[in-house]
Amino acid sequence: YMVADYVPHFDGEGSVRGFFVLVRDETDQKLREDDLRLQSEILSYMAEGVQMTRQEDYQIVFTNPKFDEMFGYEQGDLVGQHVNILKAEKNSSPGDTTSRARVALSSSGEWFGEVQNIKKDGTTFWCNAAISTFEHAKFGKVWVAVHEDITERKKAEEELRKSEYRFKYITENTPNIIFTINREGLIQYMNHVPEGVESSDVIGADMYGFIDDEYHEMVREHVDKVFESGDSSQFKLVGTGEYGLDRNFLSNIGPEFSEE
C-alpha cells in the first residue's frame, strides 16, 4: 500500500509550475490495521463472553458485546469497574474460587473452572471460565477471561441428580426386585440381591444364571422383543424364593432408553 502526498510548486508569480510528490510505503501499517480489524470482528461475533482485567488494580479494561449481553450491561458500562462486580460471592476467603484462581494464575499463568457470576439485575448464573495472563502494551499485565454460560447445563445436572435420588429411594424401598440388563443379558443393576449372594457376584453376572433352564428360551424371546420393538412385555415363571420355596413370579420388562 502506497500513500502519495502532492505538494504544489509555485513560480515567482504565484502560478503552479508543478508538484512535488511524496510517496511512502504504508503496507506494514495497513496489514496491522487489517489484523486489528479482524481481531475486533472475531471478538464481536464470538459466542462466548470475553473480558480483560488489569492485574494491578483489578479494573475491567475491555469486554466484548457478548460479555455485556451475558451480564445485562450496556456496551462499555463495565469498563473501569472493579472485577468483583461480576462475582456472586462478594466475600473472598482462602479456599474460594477467586482465591484458587489467583493462585493458579500467579504460578502457571492460566486457570480453568466453573464460577458463579451475577448480572446487573442481581440474577446469579454459572459459567465455565478460562483465564490466562499476558503483558498488554497499554494496560500492563492483564487477565483475559472467556466465559461460557452453563446455567442450563447446571440445572439439567441438578434435575438428573434429583431423578437419580428418587429412583434409588423408590427401588431400594420397594419389596419388588428391580434390575437392569444389557443386550447380552448381563446384569447392570439390582436393588435386592438374592439371599446368600453378594452384590459383587450379581453385577455383571448372566441373568439366566438365576433362572431355571426350562424358562431360558421363553425369557430370551421376551427380552429380544423389548430390545427390537421398544415395547414392554410380561411373563410368568416359577423360581426359588425365600426359604428355598418355589414361588410364582410375574415379571414385567421394559426398555431403558439412552439420551441419544
Checklist line | Residue pair V144, V50: steps toward the side chain to side chain contact (heavy atoms under 4.5 Å, CB included) verdict | finding: CA-CA 7 Å; V144 177; V50 181; 4.1 Å; yes
Next item on the list: Determine, stepwise, if the pair N252 / Q234 fulfils side-chain hydrogen bond (donor to acceptor under 3.5 Å, both in side chains).
Entry: CA-CA 5 Å; N252 293 281; Q234 186 181 82; 2.6 Å; yes
Note to self: side chain to side chain contact (heavy atoms under 4.5 Å, CB included) for T53 and Q59? Distances and angles first, verdict last.
What the structure shows: CA-CA 5 Å; T53 299; Q59 278 199 3; 5.9 Å; no
Margin query: side chain to side chain contact (heavy atoms under 4.5 Å, CB included) for I253 and H222? Distances and angles first, verdict last.
Written below: CA-CA 8 Å; I253 59 175; H222 283 276; 3.8 Å; yes
Notebook entry, point to check: Hey, mind stepping through Y189 and F167 against ring pair (Phe, Tyr, Trp, His ring centres under 6.0 Å) and telling me if it holds?
Noted result: CA-CA 12 Å; Y189 166 82; F167 174 79; 5.7 Å; yes
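You'll find the side chain of M70 reaches within 4.5 Å of the side chain of H147, heavy atoms only. Residues F62 and V79 form no side-chain contact, since every pair of their non-hydrogen atoms from C-beta on lies 4.5 Å or further apart. Taking the side chain as every heavy atom from C-beta outward, Y208 and R220 approach each other to under 4.5 Å. Side chains of I187 and T180 form no contact here, defined as non-hydrogen atoms less than 4.5 Å apart. In this structure the side chain of W126 never reaches within 4.5 angstrom of the side chain of N117, judged on heavy atoms. Counting heavy atoms from C-beta on, the side chains of N182 and Q188 come closer than 4.5 Å. Looking only at side-chain heavy atoms (C-beta outward), L86 and F67 come within less than 4.5 Å of each other. Between L78 and I85 there is a side-chain heavy-atom pair separated by less than 4.5 Å.
Between Y73 and T63, the side chains place no donor N or O within less than 3.5 Å of an acceptor N or O (distance only, hydrogens not considered).
Other residues, nucleotides and ligands contribute more than 12 heavy atoms inside 6.0 Å of the CZ atom of F134. For CD of E256, the number of neighbouring non-hydrogen atoms (other residues, nucleotides, ligands) closer than 6.0 Å is 12 at most. By the 6.0 Å contact criterion, CD on E74 is open, its count of non-hydrogen atoms from other residues, nucleotides or ligands being 12 or less. Counting non-hydrogen atoms of neighbouring residues, nucleotides and ligands closer than 6.0 angstrom, the CD atom of E217 reaches no more than 12 such neighbours.
Ring geometry for F71 against F125 counts as perpendicular: the plane angle is over 60°, on a 0 to 90° scale with 30° as the lower cut.
Remark: H216 NE2 to D212 CG distance equals 7.0 Å, nearest 0.5 Å. The line from CD of Q116 to OG1 of T151 is 9.0 Å long, rounded to the nearest 0.5 Å. The CG atom of L105 lies 12.5 Å from the CZ atom of R100; values are rounded to the nearest 0.5 Å. Distance check, rounded to the nearest 0.5 Å: NE2 of H82 to CZ of R54 gives 11.0 Å. Within the model, atoms OG of S163 and OH of Y165 stand 13.0 Å from one another, a figure rounded to the nearest 0.5 Å. The line from CG of N128 to CD1 of I150 is 4.0 Å long, rounded to the nearest 0.5 Å.
A donor-acceptor distance shorter than 3.5 angstrom exists from the side chain of S106 to the backbone of R102, with no hydrogens or angles considered. Between the side chain of N191 and the backbone N or O of T171 there is at least one donor-acceptor pair closer than 3.5 Å. Between the side chain of S229 and the backbone N or O of K225, at least one donor-acceptor pair lies under 3.5 Å.
Clustering ILVMFWY residues whenever any of their side-chain heavy atoms sit less than 4.5 angstrom apart, transitively, puts V83 in a cluster other than the one holding F112. The cluster map of Ile, Leu, Val, Met, Phe, Trp and Tyr, joined by side-chain heavy atoms under 4.5 Å apart, puts F227 and I211 in the same cluster. V193 and I178 are members of different hydrophobic clusters when ILVMFWY side chains are connected at heavy-atom separations under 4.5 Å. Two different hydrophobic clusters hold F210 and L186 under the rule that ILVMFWY side chains link at heavy-atom gaps under 4.5 Å. Hydrophobic cluster membership is shared by I177 and I181, with clusters built from Ile, Leu, Val, Met, Phe, Trp and Tyr side chains linked at under 4.5 angstrom.
Across all non-hydrogen atoms, the minimal contact from I131 to A145 is CG1-CB, 3.8 Å. The minimum heavy-atom distance linking G230 with P255 is given by the pair O-CG, 3.1 Å. Between T174 and H192, the shortest heavy-atom distance links the atoms O-NE2, 2.7 Å. Nearest heavy-atom pair, D68 versus Q75, reported as atom, atom and distance to 0.1 Å: OD2-CA, 3.3 Å.
Two rings, from Y215 and F249, have their centers 6.0 Å or more apart. Side-chain rings of Y58 and W143 approach one another, their centers coming within less than 6.0 Å.
Within the structure, the salt bridge (Lys or Arg N to Asp or Glu O under 4.0 Å) test picks out the following pairs touching residues 139-158 (sequence neighbours left out): E114-R153, E114-K154, E152-K155, R153-E157, E158-R161.
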